[in-house]
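Every chain is numbered from 1 and lettered A, B, ... according to where its sequence line falls, protein lines coming before strand lines.
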Number of protein chains: 2
Amino acid sequence: MSSKSASALKRASTLKEALEQDIVTGQLAPGTRLEEMGLATRFGVSRTPVREALNQLASIGLVQIRPRRGAVVAAIGLKEMMEMFEVMAELEGMCGQLAARRMIGEDRAKLAVYHEQARSFAQTEDHNGYYDANVCFHECIYLGSRNTYLADQTRALRNRLAPYRRLQLLQRQRLSGSFAEHGQILKAICDGDEARAKKLLSEHVTVQSGSFTDFIATLPTELIQSRA
Amino acid sequence: MSSKSASALKRASTLKEALEQDIVTGQLAPGTRLEEMGLATRFGVSRTPVREALNQLASIGLVQIRPRRGAVVAAIGLKEMMEMFEVMAELEGMCGQLAARRMIGEDRAKLAVYHEQARSFAQTEDHNGYYDANVCFHECIYLGSRNTYLADQTRALRNRLAPYRRLQLLQRQRLSGSFAEHGQILKAICDGDEARAKKLLSEHVTVQSGSFTDFIATLPTELIQSRA
DNA sequence: TCAAACCAAATTGTATACAATTTTCTATTT
DNA sequence: AAATAGAAAATTGTATACAATTTGGTTTGA
């Protein structure tokens with residue numbers, strides 16, 4: 001599945017996807033230096049497509065490029081992370097609201113199927129399995145919003161937060177809790193209850209909603225070590 | 001102010017900003033072909049930084065790059081435009097909600113100042129002047145949200161829609177209507193009425209003193225084509 | 001011993017050269 | 001005359017070469 005020592009990767013877009021995968025899955029930890037020549041030889045290409053891939057990853061936000069000082073896997077500071085979660089909550093909520101409004105029977109059935117698949121992973125405490133099923137469940141809601149742009153944006157932000165969310169899921173043993181929330185979300189969407197679907201999905205994503213987020217967000221930038 | 005025939009632009013980032021400006025202001029209409037060699041000679045650089053700039057613009061969404069088939073100024077299809085406005089409404093609303101919650105007195109005072117500046121432009125029907133003042137007003141709200149990431153995302157989407165919004169503002173009576181709405185928004189924010197600020201800003205973006213369908217109707221047909 | 005300055009190595013940014021693919025024009029055939 | 005096939009031109013994607021800046025180490029001085 002991975003592309004650690006893959007050799008014959010010709011295209012720059014392929015290279016980008018390979019790197020993106022390594023970053024999202026955490027194989028390339030935040031802060032890791034990405035040296036152009038090293039990546040070039042490792043993938044068997046020249047620096048040109050490497051630079052292109054790095055630029056594209058930088059535009060997504062997965063890589064940080066400081067002029068004349070090289071590229072590193074983007075490390076998200078505390079303040080920025082809270083900000084991103086705050087936006088993520090709103091976008092996920094919006095997806096849920098629109099999905100509750102616009103999903104057809106077929107979509108709802110599919111969502112229910114994904115939910116059932118997740119159940120077994122939750123029961124067996126299979127974190128990796130649940131992670132994938134979780135992705136499918138949310139992806140289904142994205143598509144259900146019938147707004148491709150919104151789906152793309154939400155998915156991009158989710159991917160960017162993925163390395164940290166993965167930690168969160170492992171750390172907190174949130175599987176059963178997450179699954180229960182999914183059940184409520186599924187019901188709200190099937191009931192067509194827009195407001196409830198929005199609220200539930202918002203809270204589902206938010207780390208700790210309310211006062212703590214507000215507190216972090218109002219802190220001056222200098223007080224929180226962001227990115228070096 | 002423009003950089004139509006600028007000569008000594010050395011850096012790729014500068015080049016990107018120049019092109020972005022030309023696209024956002026409409027000097028480069030959607031659909032325009034962006035030939036690498038042409039831009040290179042026009043800006044007095046080689047193809048390498050041009051490609052880099054085009055990639056960056058593509059990542060923002062202002063340019064569309066089809067493999068082996070060149071780059072064009074992104075033309076947004078009708079469906080996608082509606083989707084983007086739907087998201088824009090949510091993001092602007094969120095900015096307003098957070099601004100109402102988190103702005104300090106100084107911020108509110110500044111917002112009021114920008115509003116007053118816009119008044120004169122609205123009265124004299126100075127469309128370009130009002131456009132700039134409008135940008136300042138909204139930018140002030142973005143910053144007032146105390147969420148840099150949200151501000152960046154909202155600003156990016158606004159810029160991407162800018163070529164189309166500019167046409168929208170040219171319509172008669174749009175100015176005074178927009179200004180009146182700004183007044184209500186200002187009051188809601190100063191009152192700390194989060195829900196109202198959110199709702200007003202959402203609607204301000206969506207309908208903006210008129211119906212969305214009116215806006216669509218005023219667009220030149222070339223701009224609405226769905227992408228090939 | 002520590003610090004500052006300078007030189008060397010490494011790395012990034014840009015230019016040019018080459019390869020591969022697309023586009024366009026021409027010529028031939030029906 | 002229209003259409004299709006083929007070749008030439010143009011354009012994009014990649015590799016390499018060069019320039020400029022940063023980084024790291026070494027040396028010299030107090």
side-chain hydrogen bond (donor to acceptor under 3.5 Å, both in side chains) involving A:Glu90 - partner list, sequence neighbours excluded: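 With sequence neighbours excluded, A:Glu90 shows a side-chain hydrogen bond (donor to acceptor under 3.5 Å, both in side chains) to B:Lys198, given in chain and number order.
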Starting at atom CZ of B:Phe43, determine the distance to atom P of C:dT14, rounded to an integer number of angstrom.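 Spelled out: CZ on B:Phe43 to P on C:dT14 is 14 Å.
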Roughly how many Å is it from CG in A:Asn55 to P in C:dT14, rounded to a whole number?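 After rounding, the gap between these two atoms is 10 Å.
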Distance-only donor-acceptor check, side chains A:Glu92 and A:His138, under 3.5 Å: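 Judged by distance alone, the side chains do pair up.
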A:Arg47: salt bridge (charged side-chain N to carboxylate O under 4.0 Å, His left out) partners, not counting sequence neighbours: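 If we apply the salt bridge (charged side-chain N to carboxylate O under 4.0 Å, His left out) test to A:Arg47, skipping adjacent residues, the hits are A:Glu36.
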A:Asn134 side chain to A:Tyr130 backbone, donor-acceptor under 3.5 Å: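 No, A:Asn134 side chain to A:Tyr130 backbone: no donor-acceptor pair under 3.5 Å.
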With distance as the sole test, does B:Ser145 use its side chain to make a donor-acceptor pair with the main-chain N or O of B:Ile141 at under 3.5 Å?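 Here the side-chain-to-backbone pair does not exist.
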Take nucleotides 7-12 of chain D nucleotide by nucleotide from the 5' end and write B, S or -, depending on whether a protein heavy atom sits under 4.0 Å from the base, only from the sugar-phosphate, or from neither. ----SB
May I ask you to evaluate whether B:Thr48 reaches the phosphate of C:dT14, defined as a side-chain N or O under 4.0 Å from OP1 or OP2?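 Checking B:Thr48 against C:dT14: no side-chain N or O falls below 4.0 Å of OP1 or OP2.
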